[in-house]
Amino acid sequence: MYLLSSMTGASPETRFILFASAQLMGDGCLSDTMDGYADRLFVSKRYLGVAVDYLVREGYLWKIKSSRETLKGKHRNTLFDFYLSPEAWRMWSEWVAEKCSWKDEIDFVLCSPKSRQIAAFKKHKVIPIQMRLIWISLWMASNRAGYVNGCDFTGLSRTLGMSEEQFHRGARALSRKGFLSIAANHTART
């Protein structure tokens with residue numbers, strides 16, 4: 001969670017894009033246009049542009065204009081090489097190696113929907129970025145059985161860059177869609 005909490009002032013969408021980029025790139029590089037990068041992460045180009053600006057400015061991501069160019073129709077699109085910075089890669093690797101007991105499930109959330117055609121066909125299964133980030137954070141806060149017991153939702157929502165009400169609204173929406181179950185809502189730690 002240190003990777004997320006180190007991102008002061010970042011929107012939830014930016015935090016999600018960093019997670020999805022880390023999962024997609026691994027320790028390598030992603031060479032693509034901004035349109036192609038947005039398609040791979042299943043996010044809008046507008047969200048991606050704002051997120052990449054923040055991530056580059058804060059030192060989480062390196063964006064380097066590639067010497068190669070690609071032709072697409074009549075327009076020439078510029079290719080970029082995207083890398084995680086060494087510090088961001090270190091924080092991601094430590095989290096995956098030590099604290100991530102639900103790695104496959106989190107990878108599934110980061111990569112869904114698999115295609116835009118599936119997303120268009122099954123509109124009820126499309127999960128917005130903020131809801132995917134909430135789902136990931138609940139996986140991260142859960143025990144080995146998959147339950148979240150006595151979690152500090154105020155701190156967790158602050159780490160995600162959203163209000164506690166937004167967090168609870170997203171969790172309820174995930175519950176309505178059948179992705180998680182809420183057994184006891186708003187219970188205090190004992």
Side-chain angles (χ1 to χ4, degrees), residues 1-32 34 36-63 80-116 119 125-142 146 148 151-153 155-163 166-167 170-171 173-174 177 179-180:
M1 291 290 251
Y2 179 71
L3 182 61
L4 285 180
S5 59
S6 71
M7 300 175 70
T8 55
S11 69
E13 292 82 9
T14 301
R15 294 165 198 260
F16 175 80
I17 287 171
L18 177 62
F19 260 49
S21 297
Q23 189 270 345
L24 182 66
M25 287 179 210
D27 62 351
C29 152
L30 173 68
S31 190
D32 211 335
M34 287 298 282
Y37 190 20
D39 286 344
R40 286 184 184 201
L41 297 180
F42 304 106
V43 298
S44 74
K45 190 176 173 187
R46 182 179 68 84
Y47 278 146
L48 183 67
V50 171
V52 166
D53 287 345
Y54 173 87
L55 294 170
V56 168
R57 184 177 62 246
E58 296 296 320
Y60 293 98
L61 190 69
W62 292 346
K63 176 183 170 185
F80 293 99
D81 295 330
F82 298 95
Y83 300 88
L84 284 180
S85 70
E87 182 64 17
W89 175 246
R90 184 190 61 75
M91 287 189 283
W92 171 258
S93 298
E94 283 176 6
W95 173 73
V96 168
E98 297 171 10
K99 299 173 181 86
C100 185
S101 57
W102 298 100
K103 172 102 174 59
D104 292 336
E105 287 78 4
I106 291 172
D107 287 348
F108 170 76
V109 176
L110 288 170
C111 292
S112 62
K114 292 293 184 197
S115 73
R116 293 198 187 271
K125 293 292 184 186
V126 174
I127 308 169
I129 292 173
Q130 282 192 355
M131 287 171 55
R132 286 196 267 172
L133 188 60
I134 290 168
W135 196 6
I136 290 168
S137 68
L138 290 172
W139 276 118
M140 292 166 53
S142 68
V148 179
C151 183
D152 176 20
F153 291 108
L156 189 59
S157 62
R158 207 174 300 132
T159 301
L160 299 178
M162 58 182 73
S163 71
Q166 287 175 311
F167 183 89
L174 284 168
K177 289 185 179 239
F179 293 111
L180 60 93

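Bear in mind that the values here come from a model prediction, so they are computed numbers and not experimental data.
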**Request:** Begin with the C-alpha distance, continue with both residues' side-chain angles, and end with the deciding distance and a verdict on ring-ring contact (aromatic ring centres under 6.0 Å, His included) for W62 and F82.
**Result:** CA-CA 6 Å; W62 292 346; F82 298 95; over 10 Å; no
**Prompt:** So which heavy atom on S163 is nearest to which on S157, and how close?
**Reply:** O-CB, 3.8 Å
**Asked** Between the side chains of Y47 and T14, is a donor N or O closer than 3.5 angstrom to an acceptor N or O?
**Response** no
**Request:** Could you grab the distance from atom CH2 of W89 to atom CG of L61, nearest 0.5 Å is fine?
**Result:** 13.0 Å
**Prompt:** Roughly how far apart are S11 OG and L133 CG, rounded to 0.5 Å?
**Reply:** 9.5 Å
**Request:** Kindly confirm or rule out a cation-pi arrangement of K63 over F80, judged by NZ or CZ under 6.0 Å from the six-membered ring centre and within 45° of its axis?
**Result:** yes
**Asked** Between the main-chain N or O of G59 and the side-chain N or O of S85, is there a donor-acceptor pair closer than 3.5 Å?
**Response** yes
**Asked** Side chain of E58, backbone of L55: donor and acceptor closer than 3.5 Å?
**Response** no
**Item:** Distance (rounded to the nearest 0.5 Å) between S44 OG and E13 CD
**Value:** 8.5 Å
**Asked** Quick one: CD1 on I134 to CD on Q166, what's the gap to the nearest 0.5 Å?
**Response** 8.0 Å
**Request:** Kindly indicate whether the side chain of P12, heavy atoms from C-beta on, has any atom under 4.5 Å from the side chain of L160.
**Result:** no
**Request:** Using modelled atom types only, decide if a donor and an acceptor are shared between the side chain of R15 and the backbone of M7 within a distance under 3.5 Å.
**Result:** yes
**Item:** For L48 against A38, the heavy-atom pair lying closest together
**Value:** CD2-N, 3.4 Å
**Prompt:** About how many Å separate CD of Q130 and CG of L174, when rounded to the nearest 0.5 Å?
**Reply:** 11.0 Å
**Prompt:** Can S21 and Y37 be said to form a side chain to side chain contact (heavy atoms under 4.5 Å, CB included), step by step?
**Reply:** CA-CA 9 Å; S21 297; Y37 190 20; 2.6 Å; yes
**Request:** Identify, with sequence neighbours excluded, every residue that meets salt bridge (Lys or Arg N to Asp or Glu O under 4.0 Å) alongside K45.
**Result:** D35
**Prompt:** How far does CG of L18 sit from OH of Y60, to the nearest 0.5 angstrom?
**Reply:** 7.5 Å
